[in-house]
Amino acid sequence: MSLITALARLEAVDSGRAQPAATVRHRHLSDRPLVFVPLITAGETGAPLGALVGTDRDAPRLLVVPQPRDRDLRFAFLADLAGIVLPYVESYADAVEAAERTETDPETGKRVKVAAELCADAPQLIVPSRPGLDFVRLLGRSMRFRRTAEQDPDAPYPAPPRVPLLGRWLTHYGERARVPGSSLLLALTDVLSRHWATGQSGLEDEHLGALLAWIDPPEGMTGAEAARRAELARDADGQLLCPPAGPATDPAFDNKLLAPAIERYDRARTALAAAEDPLTADARLAALTRAEREIRDLVESRARPTWDAVWRGLDLLRALPAGAHVEGRWTRDRWSFTAHRDRVRAGEPPQPRRDDAVTAANKLATREREQARLEAQEALDDPLVMAGRRLAGEAFAGEVTDVVMAYSEGRRPSPRPLVTLRTDDRPHLAERARVYRSLDGRPQSAEFVGYEAEGVLTLRVLDRMGRGKEPEPGSVPRKGDRVCFTLFEHEQRGGAKLPDPEDTPWTHGGPPGEAAPEVPDPVTEEDVL
């Protein structure tokens, strides 16, 4: 936690209201996001109980599994979910624009630009909290390898059509959510807590109702009072007034309301199966319908408050202006969506259960690079974030007090002006350290020369001054300018080139498809102990 964040949390406690942790919005928000509020059954990992899903805040689609242990009902739920999500995803697949991407020439090995098509926009999924991200990944993993009756007529439990395709898309979105700065799949609590600092812990910020209570408390209540009410207040029947954002439900709801309703549904279904005449069957079918409607009403009563809270949180985020680099990160999301669309249309197999060594290393390197890039871009977009980096000694700002023109030595001298500035910051500058500032959206580097006095330092500008003998206008700070330099790079460099998957060395499992060089030792009793 940075000093700025710690200070904001203290101010939130003192004022009774969440304090801004950012002055701009650092994540992209679609004009038409798909909100997904799932609920699962206690004690049944991945067994869906129901969900509210849709793009219209006033007309969500309610999906319910009356008996989560019934495989056929779960498949029907997944088929209905695919019928909602896939048309939304595919509605973005055909609107494209011309673009260029960089590829490696197989003959020369050089990076070249080639023409390509890029989806003009991409579908965005919003879930209430971080456990929702895990549930999306779990759904994707459980569905993408399912076989339909068309694919495999002998499959013992064939999945409904398009369910495996939904699993592939949810897997892609779940993987993309692990890339820092990506906005294809967002957990609302993560985005809200990035932009506001509350007077509670980060773990408590995972409660969507409590988080919104701090950000926008009701009239006459402090954030702490509103958050306590959101977490603990119950009605006369012992049910929470603000249900948890899921996917897990409150134990009091499970024990007192849901379990008896499912038991009544099971009895009604058993009675219907035992009916022997049409009149009895009609009466028992009506009883089964009432039992199913009761479960639907219960599920909706738990999911609808979270659904409304998600849209309320989106309204709060939309009030913030987007950061300058948000669009660039969304463009990378669009490339990711376009690439997966092409893989699906080409008939490629689903994502493997386990990545090979090269793919795993590439994913890890990508996430590390994107994390560093995100931190740099957020600081460049947001003065409040930059203030935290300045307090940490990773950046400094000051007023230019003098500029002296100097040149490099050599056959063709290049301008290397010396810029002196006065700053109240205390950057951690080593001898000849490189520092950077943003110039027309691109980084300009300078070299630390030394301190002239307390709070007065001199830098040597190194690049982005044009190719002439004299620097281009505006490329060198002038006396009296207010400038900000960072010790971190604004753009991240690529790592070492990894071998192709078929050239994976034996130390990392060998090429894909080959047997392991050594069979691992069997597990013994001592290993378990």
Side-chain angles (χ1 to χ4, degrees), residues 2-4 23-24 26 181 323-325 328-329 368-495:
S2 68
L3 186 59
I4 287 289
T23 60
V24 298
H26 293 289
H325 288 89
R329 292 195 293 273
E368 291 175 343
R369 182 174 64 252
E370 292 301 321
Q371 180 65 45
R373 175 184 288 170
L374 175 65
E375 292 175 355
Q377 291 180 348
E378 286 186 349
L380 295 173
D381 290 349
D382 195 334
L384 191 55
V385 180
M386 182 63 79
R389 305 299 289 267
R390 289 168 59 186
L391 286 173
E394 299 171 351
F396 59 95
E399 181 181 347
V400 176
T401 59
D402 194 16
V403 179
V404 177
M405 185 55 62
Y407 294 87
S408 63
E409 299 178 356
R411 296 177 57 185
R412 187 180 177 183
S414 300
R416 295 291 184 267
L418 297 173
V419 177
T420 303
L421 62 109
R422 183 183 303 276
T423 178
D424 295 327
D425 300 325
R426 297 182 178 182
H428 303 313
L429 288 169
E431 184 179 358
R432 302 190 65 179
R434 286 289 183 98
V435 296
Y436 310 88
R437 73 162 181 151
S438 180
L439 180 64
D440 297 330
R442 303 292 297 277
Q444 182 184 50
S445 60
E447 182 182 72
F448 173 61
V449 176
Y451 283 99
E452 292 190 2
E454 180 69 24
V456 180
L457 54 86
T458 300
L459 305 173
R460 179 181 289 111
V461 182
L462 301 177
D463 54 20
R464 308 203 70 79
M465 293 176 286
R467 298 184 178 182
K469 188 175 181 180
E470 296 297 326
E472 292 182 352
S475 62
V476 178
R478 295 177 298 179
K479 185 177 180 179
D481 286 351
R482 183 81 180 176
V483 294
C484 180
F485 284 90
T486 68
L487 278 67
F488 53 85
E489 296 188 39
H490 299 178
E491 292 293 336
Q492 302 305 308
R493 305 174 186 176

Point to revise | Beyond-backbone contact of His26 with Leu374, side-chain heavy atoms, under 4.5 angstrom | key: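 Side chain of His26 against side chain of Leu374, heavy atoms only: no contact under 4.5 Å found.
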Exercise for review: Go through the structure and list residues passing salt bridge (charged side-chain N to carboxylate O under 4.0 Å, His left out) with Glu370, not counting sequence neighbours.
Suggested key: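 Scan of Glu370 (salt bridge (charged side-chain N to carboxylate O under 4.0 Å, His left out), adjacent residues dropped) gives Arg332, Arg373.
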Check your understanding: Looking at residues at least two apart in the chain, or sitting in another chain, which of them share a salt bridge (charged side-chain N to carboxylate O under 4.0 Å, His left out) with Arg412?
Key ->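 Here no residue qualifies.
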At their closest point, which heavy atom of [X] faces which heavy atom of [Y], and how far apart are they?
X	Y	result
Gly468	Pro415	O-CD, 3.8 Å
Pro413	Ser408	CB-O, 3.3 Å
Ser438	His490	N-CE1, 3.6 Å
Leu459	Ala446	CB-CB, 4.2 Å
Val476	Val403	CG1-CG1, 4.0 Å

Review point. Which residue pairs satisfy the salt bridge (Lys or Arg N to Asp or Glu O under 4.0 Å) criterion with at least one member in residues 452-465, sequence neighbours excluded?
Key: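 Pairs touching residues 452-465 that pass the test: Glu447-Arg460.
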Practice item. Could you tell me which residues satisfy side-chain contact (heavy atoms from CB on, under 4.5 Å) with Arg437, sequence neighbours excluded, listed by chain and number? Key: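 For Arg437, the residues satisfying side-chain contact (heavy atoms from CB on, under 4.5 Å) (neighbours in sequence not counted) are Leu439, Gln444, Pro477, Val483, Phe485.
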**Study point:** Partner set under side-chain contact (heavy atoms from CB on, under 4.5 Å) for Leu384, not counting sequence neighbours
**Key:**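 Listed in chain order: Ile4, Thr23, Asp382.
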Any residue meeting side chain to side chain donor-acceptor pair (under 3.5 Å) with [X], in chain and number order, not counting sequence neighbours:
X	result
Ser414	none
Glu394	Arg389
Arg329	Gln377

Point to revise | Residue pairs, two or more places apart or on separate chains, that pass side-chain hydrogen bond (donor to acceptor under 3.5 Å, both in side chains) and touch residues 466-481 | key: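 Residue pairs passing side-chain hydrogen bond (donor to acceptor under 3.5 Å, both in side chains), neighbours aside: Tyr407-Glu470.
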Check your understanding: With sequence neighbours left out, which residue pairs that include part of residues 416-431 fulfil the side-chain hydrogen bond (donor to acceptor under 3.5 Å, both in side chains) condition?
Key ->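 Checked against side-chain hydrogen bond (donor to acceptor under 3.5 Å, both in side chains) - neighbours excluded - the pairs reaching residues 416-431 are Arg390-Asp425, Thr420-Thr458.
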Practice item. Could you pull out all residues at least two apart from Tyr436 that satisfy ring-ring contact (aromatic ring centres under 6.0 Å, His included)? Key: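 Per chain and number, Tyr436 pairs via ring-ring contact (aromatic ring centres under 6.0 Å, His included) with no residue.
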Exercise for review: Could you note down all residue pairs passing ring-ring contact (aromatic ring centres under 6.0 Å, His included) where residues 439-467 supplies at least one of them, sequence neighbours left out?
Suggested key: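 For residues 439-467, and leaving out neighbouring residues, the ring-ring contact (aromatic ring centres under 6.0 Å, His included) pairs sorted by first residue read Phe448-Tyr451.
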